[in-house]
Amino acid sequence: MSRPTHGGNRDWAANLVGCSASEILDFSASINPLGPPKGLWKALEESVKELSHYPDPNYVKLRAALADKHTLSPNWILLGNGVAEILTWAARELSGLTRVNLITPAFADYRRALSAFNANVVACPLDLETGIWHSVEVGKEVGLLLNNPHNPTGMLSTVDEILPILGDYGLVIIDEAFMDFLEEPQSLIPWVEQFPNLVILRSLTKFYSIPGLRLGYAIGHPDRLKLWQQWRDPWPVSTVADIVGRSVIKDHDFQKRSWLWLQSSSPVFFNKLNKIEGFTARKSSVNFFLVHSRLAVPELQEKLLLEHKILIRDCLSFEELGEHYLRVAIRSDQENQYLIRALENHVV
Ligand SMILES: Cc1ncc(COP(=O)(O)O)c(C=O)c1O
């Protein structure tokens with residue numbers, strides 16, 4: 001099996017260790033350890049009864065529930081088989097522009113989607129110290145693909161920082177896959193009606209801990225979403241994801257507990273990581289840390305796997321970062337502590 005370009009590939013790790021995937025403690029995918037919400041089980045049961053029928057191709061109920069959550073009309077919402085699927089259609093439209101400014105380091109799937117349609121991608125490097133990036137060229141024939149909060153740095157740009165640049169581009173796609181982790185989000189969703197060139201992508205997989213289910217959505221102008229819908233198959237979201245999605249987004253208690261957990265666990269884990277010699281974690285607004293390591297990460301990753309069955313995320317797929325960066329999810333306090341001990345063992 002070749003080295004994975006995404007986090008969460010437990011099968012690859014298990015194959016290397018010679019154990020089953022369930023034995024791997026996965027810090028490589030940034031998934032909420034409190035989830036999934038309890039109501040998921042009942043929703044799953046309900047959905048099984050519906051499996052002999054096709055899903056509603058308009059997904060009226062789930063779109064209405066999401067529209068309600070964001071105080072929008074449902075025709076501003078397009079569901080997808082995870083944000084990864086919607087990225088394909090965003091990339092198809094972006095590729096029709098003369099160039100696409102991509103803030104780097106960037107989630108690897110952006111390049112997959114953009115290169116599928118031969119987009120002219122121009123990397124706009126993010127200054128890891130200041131959080132500032134410069135796009136060399138702007139204009140109505142230029143697109144922008146932005147990730148906020150940013151994976152893998154955990155940086156958060158504020159609405160005030162992003163708003164002034166929206167009008168500079170023909171199309172702006174903002175991937176807010178991790179925004180649900182913030183009790184006080186900096187989402188651009190309230191601005192979509194004013195900016196018909198703006199599309200926001202949201203994932204349910206990380207916050208609700210359902211990456212295996214595949215569920216995400218785009219929020220944007222209804223004409224654009226209708227066009228994207230025509231490019232793809234009629235039922236991109238399964239009945240199971242449709243029904244479970246409606247259930248999990250209603251769980252406000254789960255949301256509150258998750259925010260509290262992150263607010264208390266994040267600083268503890270951050271401080272412990274930074275106390276280990278040779279490791280420097282960056283401050284993060286969300287549920288993972290980008291960590292600079294004096295040790296080369298591919299070797300460290302292998303040792304952690306073989307000796308502790310711990311999987312960390314190397315950052316080799318983020319070309320700009322190279323082999324001295326790793327990314328770790330924030331998990332339960334006990335699991336975080338287990339990683340800390342394992343890292344301490346490997347300091348030379
Ligand atoms: C920034 C970012 N966007 C999107 C995704 C994909 O999300 P989904 O599971 O909804 O396809 C990921 C997954 O790691 C991600 O890190």
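Order of listing sets the numbers, starting from 1, for every ligand and every atom in it. One-based numbering along the sequence shown. Computation of the quantities below employed the complete heavy-atom set of this structure, encompassing side-chain atoms and omitting hydrogens, waters and symmetry-equivalent molecules.
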Residues Leu156, Asn148; criterion side-chain contact (heavy atoms from CB on, under 4.5 Å); working and verdict: CA-CA 6 Å; Leu156 175 70; Asn148 191 41; 3.7 Å; yes
Could you check whether Arg63 pairs with Asp68 (Lys NZ or Arg NE/NH1/NH2 to Asp/Glu carboxylate O, under 4.0 Å)? no
Cluster link Tyr110 to Trp228, ILVMFWY, side chain under 4.5 Å: yes
What atoms of ligand 1 come closer than 4.0 angstrom to any heavy atom of Ala177? 2 (C), 3 (N), 4 (C)
So if I count the atoms of ligand 1 from 1 in the order they appear, which ones are less than 4.0 Å from some heavy atom of Ala84? 11 (O)
Could you label the plane-to-plane angle of the Tyr325 and His292 rings as parallel, tilted or perpendicular, counting under 30° as parallel and over 60° as perpendicular? perpendicular
With heavy-atom distances below 4.0 Å as the criterion, list the atoms of ligand 1 near Asn147. 1 (C)
For ligand 1, does Asp175 get within less than 4.0 Å through its side chain, its backbone, both, or neither, judged by non-hydrogen atoms? side chain
Heavy-atom nearest neighbour in the protein, as seen from atom 16 (O) of ligand 1, with distance rounded to 0.1 Å: Asn151 ND2, 2.7 Å
Would you call the rings of Phe178 and Phe288 parallel, tilted or perpendicular, where under 30° means parallel and over 60° means perpendicular? perpendicular
Contact atoms of ligand 1, heavy-atom distance to Thr205 under 4.0 Å: 8 (P), 9 (O), 10 (O)
I need the atoms of ligand 1 closer than 4.0 Å to a non-hydrogen atom of Tyr110, numbered in the order shown. 1 (C)
Check: Arg214 N/O within less than 3.5 Å of ligand 1 N/O: yes
Backbone, side chain, both or neither: what part of Phe288 comes under 4.0 angstrom of ligand 1, heavy atoms only? neither
With heavy atoms only and a cut-off of under 4.0 Å, state how Lys206 meets ligand 1: side chain, backbone, both or neither. side chain
Quick one: does Leu182's side chain get under 4.5 Å of Pro149's, heavy atoms only? yes
Straight-line distance of Thr158 OG1 to Glu184 CD, nearest 0.5 Å: 13.0 Å
